[in-house]
Every structure is written in structure tokens, then in C-alpha cells.
Amino acid sequence: MLYVLVSVWGAAMVAMAMFSGLFNVGIGAGALIGSQVSSHARLQHVGLAGGLLALLGAAWWLWAMKLGAGPQRGHMP
């Protein structure tokens with residue numbers, strides 16, 4: 001029983017590290033895109049670029065939900 005708890009704890013730590021890494025990738029990508037937009041366009045267009053990225057992400061999510069990539073109703077993992 002103790003081995004199972006140790007194994008699960010290790011898996012949780014790996015998952016937490018992966019999510020932390022993904023957050024850092026998102027922060028870095030946002031900084032890169034924001035700097036590119038502000039250097040090639042005006043600073044006032046940074047918000048527009050962020051909004052377009054948000055709409056693109058929402059469209060991708062809706063497309064994935066339509067394909068059934070999300071959780072199914074009544075399905076317990």
C-alpha cells in the first residue's frame with residue numbers, strides 16, 4: 001500500500017512539473033509575441049494581437065469539442 005502512495009506521489013510531482021513548464025512556455029511565448037508586435041507595429045496593437053490569439057484558442061477548443069476530444073457525458077474515467 002505504501003508503494004502505491006509513493007508511486008502516485010511521484011506521478012503527481014511529474015505532472016506538476018510538466019504543468020509548470022507549460023505555464024513558463026506560455027509566458028515566454030506571450031512575451032515574444034508581444035515584443036514582436038510592439039517592435040513591428042505600434043504598442044496599441046499588442047492588445048489586438050492578444051485578443052486574436054484568444055479567439056484562435058477558443059476556436060480550436062470548440063473544434064476539439066465538436067470532434068469529441070473532450071470528456072463525454074456520462075463517462076467516468
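Here the structure is a predicted model, which means the values were calculated and not measured.
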Report task. Looking only at non-hydrogen atoms, find the nearest pair between Leu43 and Ser38 and report the distance. Result -> CD1-CB, 3.8 Å
Report summary line: dist Leu55:CG -> Leu62:CG (nearest 0.5 Å) comes out at 10.5 Å
Report task. Kindly compute the distance separating NE2 (His40) from OG (Ser35), expressed to the nearest 0.5 Å. Result -> 8.0 Å
Query raised in the report: What closest approach, in Å, do Leu53 and Ile33 show between heavy atoms, and which atom pair accounts for it?
Result: CD1-CD1, 3.7 Å
Query raised in the report: What distance do Arg42 atom CZ and Leu48 atom CG have between them, rounded to the nearest 0.5 Å?
Result: 13.5 Å
